[in-house]
2 protein chains.
Amino acid sequence: MTDYYSSHPRFFVSVDCIIFGLKDGKLNILLTHRAFEPEMGKWSLMGGFVERDESVDDAAARVLRQLTGLDNVYMHQVGAFGRIDRDPGERVVSVAYFALLNANEADSELLRARGAQWTPVDELPELGFDHPEMIEKAREVMRRKFVTEPLAFELLPELFTLTQLQTLYELVMAQPLDKRNFRKRIAEFSCIEPTGQIDKTGSRRGARLYHYNPAVSADTFSFFKI
Amino acid sequence: MTDYYSSHPRFFVSVDCIIFGLKDGKLNILLTHRAFEPEMGKWSLMGGFVERDESVDDAAARVLRQLTGLDNVYMHQVGAFGRIDRDPGERVVSVAYFALLNANEADSELLRARGAQWTPVDELPELGFDHPEMIEKAREVMRRKFVTEPLAFELLPELFTLTQLQTLYELVMAQPLDKRNFRKRIAEFSCIEPTGQIDKTGSRRGARLYHYNPAVSADTFSFFKI
DNA sequence: ATTTTGGGTGTAAAATTAACACTCATTTTT
DNA sequence: AAAAATGAGTGTTAATTTTACACCCAAAAT
């Protein structure tokens, strides 16, 4: 029975996390400055090896937790990356995940300790390995899922204004949206509920604060009607 | 430098292929009857281990070629499957791919030799491992891609009738389509060209045969306008 | 008191999608 | 030879969805 396996090679399996967050009204991802080989000195995605006692999904969640201190973060697999020479040191097959989180909730102590830094997606430094390809793919997958699933609320704070929500959709979709049409559409979703509260920080007049009620949406959220 | 890696475990990495083809007007996938452990006697997807000298993508293409004799087949990654106990024998991380091919072109000798058999997707036997999950996911990914990419022509013969094309879309989308609206839409694609020829096998009157010209489509094929 | 700033609102035209039924050409049956 | 059967082929209209577009509001700052 072991024969079936034994003639084949084993590889390191790693996970790489494309961690999205909102910073200063821009879409950012968390990068770390690598303090060790290979690719020492270069910026890279946060990654780690899959251990014996964890699934690949669990490994990704662990790497995220170790970096941000956060649990129960939305994550989604982007795909496996398996080029022979993708890691210059050893043969490593890596599975990429993207994560969406509220940037304010991440443990900034931990981030600093690990040399992690939020970086706007349109100002990325040169990255090692096949990380640029992973990020590209992650943005693609995220954009697609954003249309049919209520992902925006993973990135926004608990309470948000409609302008914040619209800006986020514009960032992810990389296209401007009409304010009135956007609000008309939002009004159709009973899961996006106005709280009585007003945000006074973003404007003089103040803007209504909304929150997302997942219990209400449940079955059919679809921002652009598909 | 090796320290960075050496404390981590290595795993077998495999590929599993969800091979779609049309048989008797139904969507089928190729299954093999396993003649060896683990899961001997059960039906399973065609898979294989990734070897040292090949990328994961290449391994999938090789497994497909070894089974069907075909090269240059459309393949697309479905994702990595990494549950700890997904393979009862050993820890194996598997990357699933779906493939689309013209069932008539596969080498039937090879298929027989390897115990492979076309099976309608709605009549699948009990499958081992996490293969049901892989198939589910593969169908999902395929359905999504079918809308925006000209995948139908990978499954159809070189020449096909519009009824064949519509039936295929109905199979993949799992919903009936209006004949007149369908043909109106098809008429807009200059890449779907009528040949002068007539198919007399499918009907008494005979139906025009079309073929797909990839050179014409190129940029924007999108069956349902997104 | 005036200016500035982002928040908030409705309607009409254009485009797309959905619904729908009959004739045609040929083969098979009687 | 006539009739029946079968899948191929064809346009129009209503309904829905999407897009385009401009002004007033409330509060703070000057």
Side-chain angles (χ1 to χ4, degrees), chain A residues 22 24-26 143 146-148 152 156-157 159-190 192-211 220-226, chain B residues 22 24-26 143 146-148 152 156-157 159-190 192-211 220-226:
Chain A
L22 283 176
D24 315 318
K26 284 178 142 182
R143 187 172 312 138
F146 234 74
V147 175
T148 52
L156 291 169
L159 299 179
F160 51 87
T161 67
L162 293 185
T163 302
Q164 283 177 298
L165 185 61
Q166 178 175 347
T167 305
L168 174 53
Y169 269 95
E170 288 177 330
L171 284 175
V172 174
M173 299 297 162
Q175 59 171 313
L177 300 173
D178 179 90
K179 183 160 67 158
R180 281 186 280 193
N181 293 337
F182 181 84
R183 285 166 183 245
K184 221 180 305 167
R185 174 63 52 89
I186 293 301
E188 291 167 12
F189 296 128
S190 48
I192 303 178
E193 303 171 334
T195 65
Q197 303 168 62
I198 304 288
D199 168 76
K200 309 288 286 184
T201 63
S203 72
R204 300 188 174 159
R205 174 178 175 176
R208 292 184 207 162
L209 284 164
Y210 288 74
H211 82 118
T220 50
F221 183 99
S222 160
F223 184 70
F224 294 106
K225 293 190 172 143
I226 38 167
Chain B
L22 284 175
D24 316 317
K26 285 177 142 183
R143 186 172 313 137
F146 233 73
V147 175
T148 50
L156 291 169
L159 300 179
F160 52 87
T161 67
L162 292 186
T163 302
Q164 283 177 299
L165 185 61
Q166 178 174 348
T167 304
L168 175 52
Y169 270 95
E170 289 177 330
L171 285 175
V172 174
M173 299 296 163
Q175 59 170 313
L177 300 172
D178 179 90
K179 181 158 70 157
R180 281 184 279 193
N181 293 338
F182 182 85
R183 285 166 184 246
K184 222 181 304 167
R185 174 65 53 89
I186 293 301
E188 291 166 12
F189 297 127
S190 48
I192 302 177
E193 303 171 334
T195 65
Q197 303 169 63
I198 303 286
D199 168 75
K200 309 286 287 185
T201 63
S203 73
R204 298 184 176 163
R205 174 178 176 175
R208 292 185 208 161
L209 285 164
Y210 288 75
H211 81 118
T220 51
F221 182 98
S222 162
F223 182 70
F224 294 104
K225 290 186 175 146
I226 39 166

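Throughout, a chain's letter reflects where its sequence line sits, starting with A, and its residues are numbered from 1.
Taking atom CG on A/Leu177 and atom C1' on D/dC21, their separation rounds to 16 Å, with Å as the unit. Distance CD (A/Glu188) to C1' (D/dT18): 12 Å, rounded to an integer number of Å. Here the C1' atom of nucleotide C/dA25 and the CD1 atom of B/Ile198 are 11 Å apart, to the nearest Å. Atom pair A/Lys179:NZ and D/dC23:C1' shows a separation of 11 Å (rounding to whole Å applied). Taking atom CZ of B/Phe182 as the reference point, atom C1' of C/dA19 lies 18 Å away to the nearest angstrom. The separation between A/Asp199 atom CG and D/dA26 atom C1' is 14 Å, rounded to whole Å.
Atom CG of B/Leu156 sits about 5.0 Å away from atom CG of B/Leu168, to the nearest 0.5 Å. Taking CG of A/Leu209 as the start and CG of A/Leu162 as the end, the distance is 9.5 Å to the nearest 0.5 Å. Separation of atoms OG1 (B/Thr167) and CG (B/Leu22) is listed at 9.5 Å; rounding is to 0.5 Å.
Side-chain N/O atoms of B/Arg180 include none lying less than 4.0 angstrom from OP1 or OP2 on D/dG9. Look at A/Arg185 and you'll find a side-chain N or O under 4.0 angstrom from OP1 or OP2 of D/dT18.
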Enumerate donor-acceptor pairs with a distance under 3.5 Å from any side-chain N or O in residues 197-205 of chain B to protein atoms, sequence neighbours excluded.
{"from": "B/Asp199", "atom 1": "OD1", "to": "B/Thr201", "atom 2": "OG1", "distance (Å)": "2.8"}
{"from": "B/Asp199", "atom 1": "OD2", "to": "B/Thr201", "atom 2": "OG1", "distance (Å)": "3.3"}
{"from": "B/Asp199", "atom 1": "OD2", "to": "B/Gly202", "atom 2": "N", "distance (Å)": "3.1"}
{"from": "B/Ser203", "atom 1": "OG", "to": "B/Gly206", "atom 2": "N", "distance (Å)": "2.9"}

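In this structure, A/Lys200 reaches the sugar-phosphate backbone alone: every heavy-atom distance under 4.0 Å involves primed, P, OP1 or OP2 atoms, never a base. Backbone-only contact: B/Thr163 has heavy atoms under 4.0 Å from sugar-phosphate atoms and none from a base.
With D/dA28, D/dC21, C/dT26 as the candidates, the nucleotide lying closest to the side chain of A/Asp178 is D/dC21.
Under a 3.5 Å cut-off, the side chain of A/Arg143 and the backbone N or O of A/Met173 do not form any donor-acceptor pair.
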Nucleotide N/O of nucleotides 11-15 of chain C paired with protein N/O under 3.5 Å:
{"from": "C/dT11", "atom 1": "O4", "to": "A/Lys184", "atom 2": "NZ", "distance (Å)": "2.8"}

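Nearest heavy-atom pair, B/Leu177 versus B/Glu170, reported as atom, atom and distance to 0.1 Å: N-OE2, 2.8 Å. The heavy-atom pair separating B/Leu171 from B/Gly25 by the smallest distance is CD1-O, 3.6 Å.
Contact check of residues 201-210 of chain B against DNA chain D (heavy atom, cut-off under 4.0 Å) returns B/Gly202, B/Ser203, B/Arg204, B/Arg205, B/Gly206, B/Ala207, B/Arg208.
Between B/Tyr210 and B/Phe160, the angle of the ring planes stays under 30°, which puts this pair in the parallel group of the 30/60° scheme.
The shortest side-chain heavy-atom distance between A/Asp178 and A/Arg183 does not fall under the 4.5 Å cut-off.
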